[in-house]
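This report concerns only the one structure given below.
In this text, all values refer to a predicted model and were calculated from it rather than measured experimentally.
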Amino acid sequence: MPATVLHREQQATRRWHPATEIIVLACALLLVFGIPSPVVPITIIGATLITATVSPTVRLRSWVIGVGVVCLPTLLVLCVVQGLFYPGAR
């Protein structure tokens with residue numbers, strides 16, 4: 001086998017099942033946005049950033065795109081809902 005084909009097959013065996021990825025994503029979103037303490041989201045995002053930086057299979061660019069696709073719409077909706085329905089102390 002050529003080295004490139006073997007390398008692709010080795011990388012393919014390291015990937016998670018799509019259902020597992022969705023479950024992990026949902027749990028991460030719950031942890032990041034469901035817990036009111038700012039320490040937990042900062043810790044989780046920092047840990048994933050370090051993992052993406054160190055990992056040979058995950059590119060930093062793909063991590064940033066993934067975080068942007070997942071977190072930015074959720075954060076936008078959160079800000080709009082908080083701004084419309086909880087505009088401050090009355």
Mind listing the side-chain donor-acceptor pairs of residues 46-54 below 3.5 Å, one per line with the distance, residues two or more places apart or on another chain?
{"residue": "Thr48", "atom": "OG1", "partner": "Ile44", "partner atom": "O", "Å": "3.2"}
{"residue": "Thr48", "atom": "OG1", "partner": "Ile45", "partner atom": "O", "Å": "2.9"}
{"residue": "Thr48", "atom": "OG1", "partner": "Trp63", "partner atom": "NE1", "Å": "3.4"}
{"residue": "Thr51", "atom": "OG1", "partner": "Ala47", "partner atom": "O", "Å": "2.8"}
{"residue": "Thr53", "atom": "OG1", "partner": "Leu49", "partner atom": "O", "Å": "2.7"}

* **Pairs satisfying salt bridge (Lys or Arg N to Asp or Glu O under 4.0 Å), at least one member in residues 20-33, at least two apart** => Arg15-Glu21

* Taking only residues two or more places apart in sequence, or in another chain, which ones meet Ile22 in a side chain to side chain contact (heavy atoms under 4.5 Å, CB included)? -> none

* To do: Mind checking the CG-CD1 spacing from Leu60 to Ile65? Nearest 0.5 Å is all I need.
  => 10.0 Å

* Structure fact -> For Pro73 and Gly68 the tightest heavy-atom approach is CD-O, 3.4 Å

